[in-house]
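The structure appears right after this line, and notes come after that.
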Amino acid sequence: MNIPTENNEPPSSDAQSNKRRRKKSIVWEYFTIETVGAGCTRACCKQCKKSFAYITGSKLAGTSHLKRHIVLGICPVSRLNQEKNQLSPYTPGSNTNDADTGTGPPRKHYKTTPVFASIPFNQDLCNHELAKMIIQHEYPLNIVEHSGFVDFVRTLQPKFNMVNFDAIQRDCVHIYLREKQSLLNLLGGIPGRVSLTLDLWTTDQSIGYVCLTGHFIDADWKLHRRILNVIMVPYPDSEVAFNHAVADCLTVWNLDSKLFTLTLDQSFANDAVKENLRGLLSIKNPLVFNGQLLIGNCYSRVLSCLAQDALESMKKAIKKVRESVKYVKNSEVIDERFIELKQQLQVPSMRSLTVDDQTKWNTTYQMLVAASELKEVFSCLDTCDPNYKEAPSMDEWKQVETLCTYLKLLFDAANVLITTTYPTSNIFFQEVWKIQCELTLASMSEDPLICNLIKPLQEKFDKYWKNTSLVLAIAVVMDPRFKMKLVEFSFSRIYGENCETWIKMVDEGVRELFLEYIVQSLPPPTFVEEGNEVVAKTELLHEGTLLSTGDGLSDFDIYISEITGNHEMKSELDQYLEESLLPRVQEFDVLGWWEQNRTKYPTLSKMASDVLSIPVSTVAPDSVFDTVSKKMDSYRTSLRPMILEALICAKDWLQYESSEFSNAIVKMEF
C-alpha cells in the first residue's frame with residue numbers, strides 16, 4: 001500500500017517497501033508525512049510545524065504520541081485554538097461545521113475513537129472527588145439530589161451512578177476520619193506543646209459552636225495551624241461551657257500533657273469564664289507559669305473594636321463620603337465626568353473609588369483614603385453638578401483625613417495577620433508596642449479633634465497591653481535580633497523612669513519559664529521500698545543511710561545553682577542573652593535559626609518552640625477585618641453536630657492533604 005507524501009507525489013521505493021494499512025487515525029487531520037531520508041519518515045504538525053518520529057526502517061512509531069500532542073494541549077497553537085473555541089457560546093442544535101452546513105468545502109469524515117477511551121471509568125474515585133468538592137467548597141450535601149446537578153453530571157459522564165444523600169455523607173465522613181488519623185499521627189510526633197484558640201460561632205437559636213484551633217511546631221520546625229474541633233455548646237452563656245469543650249478536645253487528641261496556652265476572645269469571655277479556664281489550664285499544665293498562660297483578648301478583635309469605635313465617632317462625615325462615592329459609581333456618565341475632572345485638575349492620586357462593605361472595616365478605611373485623596377474632584381463636582389447634594393464640607397474632609405491617619409496604624413497592624421501564612425508570636429510585640437506609644441501620645445494632643453478621637457481608643461488598648469505585654473515580651477526575647485534589648489528600649493519609651501520595674505518583670509518571667517523547662521528535662525526519679533516507706537532511690541547511700549532528710553531536692557538545688565549561678569559554666573539562657581544581636585533583616589526565619597542552633601541550646605530551643613507558636617488571634621485570616629461575629633447559617637445548624645464538625649475540620653485539613661496520597665490514587669486506579 002502506498003504512503004502519500006506531503007506533496008501528494010508518488011511514494012518512493014523505500015516507502016513502498018513498508019507495506020502498512022491505510023491510515024485512518026484522526027491525527028492525520030493535524031499531521032502530514034515528510035520523508036527526511038532513506039527509510040525515515042516523520043510526521044509534521046500542521047499547526048506548530050514540530051516533527052515527530054513515524055517510520056524508521058521497518059519500525060512504525062504509531063500515533064499515540066501524536067494524539068497526545070494535540071489532545072493534551074502540548075501543541076501551543078492547538079491549545080490557543082481550544083481556548084478561543086471555549087469562549088464561543090454553545091447553542092443546542094447548532095452546528096459550527098461549515099462543511100456540514102454546505103457553506104464550506106466538503107470534508108472527508110473518519111470513524112474515530114475518543115482519545116481517552118482507554119482510561120477506565122472508576123465509580124469509587126468519582127465518589128471520592130465529589131465528596132472532596134462538597135467539603136472544600138461548602139456545597140450542601142443534598143446537591144447530589146438537585147436535578148440540575150444530576151443532569152449536568154450525567155451529561156459529563158453517563159456511566160456515573162449518582163449517589164444519594166446518605167452515601168455522600170458517608171464519603172465525607174470517611175475523608176474526615178482519614179485526615180483525622182493523619183493529624184493524630186502528626187500531633188503524636190511533635191516534640192513540644194500545643195497552644196489552643198477558642199472562638200464562639202453564634203446561631204439564630206440559643207446554642208453556640210466553639211471552634212478550637214491548635215497551633216504547634218513539628219519536628220521539622222514548621223509552624224502549623226489546624227482546626228481540631230467544632231463543638232456544640234447548648235448553653236454558651238454558661239461559665240463552664242468552654243471548659244467542657246477544651247476538656248473534650250484535649251481528650252480526643254491526647255493533649256492532656258501537651259497544652260501550653262489558651263487564647264480566647266474578650267467579647268464572649270467574661271471574667272468568670274476566664275477564671276474557670278485559667279483553673280483548667282492550671283490542672284492540665286501545672287508546671288508552666290503555674291498554668292497562668294491564658295490570653296484573654298484576641299488581637300484581631302481588639303483592633304476591629306478600636307476601628308469600629310473610631311468610625312462610629314465620625315459616622316456623619318463618613319456617611320457623606322459613602323453617599324458621594326455611591327453617587328459617582330452608580331452612573332457611568334457621572335463616573336466618566338469624575339475622571340475627566342480629575343484629569344483636568346491633575347490630581348495625582350492613583351486610587352480607585354469603591355463603595356465599602358460595612359461588615360469589613362478595612363474596606364471602609366480604603367474607601368475613605370481614596371475619597372480623601374480625591375476631595376478636590378468632589379468639590380469641583382459639587383459646583384458643576386446640581387444633583388450632587390452629599391458633598392462633605394472642608395471640616396468634614398479634615399475629620400476623615402485625621403481618622404485615616406490612625407486607622408492606618410490599625411490597618412497595618414492587622415495586615416500582619418494576613419500577609420504571613422502562620423505568623424510567629426515574636427513579631428507582635430513591636431506592633432503592639434507601636435500602637436500603644438502612638439495612641440498614648442495622641443491622647444495627650446492639644447488638638448481637640450485628635451484628643452477626643454483617640455482617648456477612648458487608648459483606654460481600651462491600654463487594657464490589652466497590660467494583659468498581654470508580658471507574653472509578647474517573652475516571645476520577642478526569643479528573637480535573636482532583639483532579645484531583651486527591644487524590651488528595654490520600648491519600656492523606657494512607655495514607662496519612663498518606672499521602666500526598670502517592668503523590664504525586671506519580663507526578665508524574671510523569662511528565667512522562671514526557662515527553669516521550668518530545665519525541670520521538665522530532668523530524668524524522673526525512681527522509687528524503692530525502705531521498710532514501710534517508699535523513698536527516692538537517689539536518696540539512698542550504698543550503706544543504706546539517707547543522703548538527706550527533708551524534701552530530697554538538695555541535689556536539685558545544687559544543680560540549679562551550678563547552671564544559673566556566677567560560675568564559669570553559664571546557663572543556656574545567659575549565653576543566649578549575652579551574645580550579640582543578629583542583624584535586623586526583614587526576611588528573617590526565626591524558626592530556621594532555632595532549628596540550626598538547637599544543639600547549642602537544647603533546652604532553650606524547646607522553650608522557644610513553644611513560645612513562638614503562641615497564637616495572639618482566634619480568628620482565621622479571612623475574618624481579621626470582620627465587624628460582626630462569625631455566625632453559623634441555618635443549613636449548617638440543621639446538620640448533626642458530628643457531621644458539621646466533620647465538614648468544617650475536613651475542609652481545613654484538606655488544604656494540607658499529602659501529595660503522596662493523591663499520587664497513590666492515580667497509580668492505583670489508572
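Every heavy atom of this structure was used, including side-chain atoms; hydrogens, water molecules and symmetry mates were not.
At a threshold of 4.5 Å between non-hydrogen side-chain atoms, the residues Leu196 and Phe260 do not count as touching. When side chains are defined from C-beta on, Leu186 counts as touching Asp218, because their heavy atoms get closer than 4.5 Å. The closest side-chain heavy-atom distance from Val400 to Glu396 is not below 4.5 Å. Arg598 places none of its side-chain heavy atoms less than 4.5 Å from the side chain of Gln596. Side chains of His244 and Val233 form no contact here, defined as non-hydrogen atoms less than 4.5 Å apart.
A ring-centre distance under 6.0 Å is not found for Phe491 and Trp433. In this structure, Phe514 has its ring center no closer than 6.0 Å to that of Tyr517.
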Side chain to side chain donor-acceptor pair (under 3.5 Å) assessment of Thr618 paired with Thr197: CA-CA 5 Å; Thr618 65; Thr197 61; over 6 Å; no

Intermediate values then yes/no, ring pair (Phe, Tyr, Trp, His ring centres under 6.0 Å), Phe482 and Phe489: CA-CA 10 Å; Phe482 301 113; Phe489 172 77; over 10 Å; no

Test side chain to side chain donor-acceptor pair (under 3.5 Å) applied to Asp447 and Ser445, step by step: CA-CA 5 Å; Asp447 186 334; Ser445 173; 5.4 Å; no

Steps toward side chain to side chain donor-acceptor pair (under 3.5 Å) verdict (Asp462, Gln436): CA-CA 7 Å; Asp462 189 58; Gln436 175 72 0; 2.9 Å; yes

Criterion side chain to side chain donor-acceptor pair (under 3.5 Å) on Trp361 and Ser304, from CA distance to verdict: CA-CA 7 Å; Trp361 68 265; Ser304 290; 3.2 Å; yes

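Annotation: cation-pi geometry not satisfied between Lys258 and Trp253 (NZ/CZ under 6.0 angstrom from ring centroid, within 45° of ring axis). Cation-pi contact between Lys408 and Tyr365: absent, since separation from the ring centre below 6.0 Å together with deviation from the ring axis within 45° is not met. Taking the centre and axis of the six-membered ring of Phe216, the NZ or CZ atom of Arg225 falls outside the cone set by 45° and 6.0 Å.
Using modelled atom types, one finds no donor on one side chain facing an acceptor on the other under 3.5 Å when comparing Gln366 with Asp356.
Distance CD1/Ile427 to CG/Asp479: 10.0 Å, rounded to 0.5 Å.
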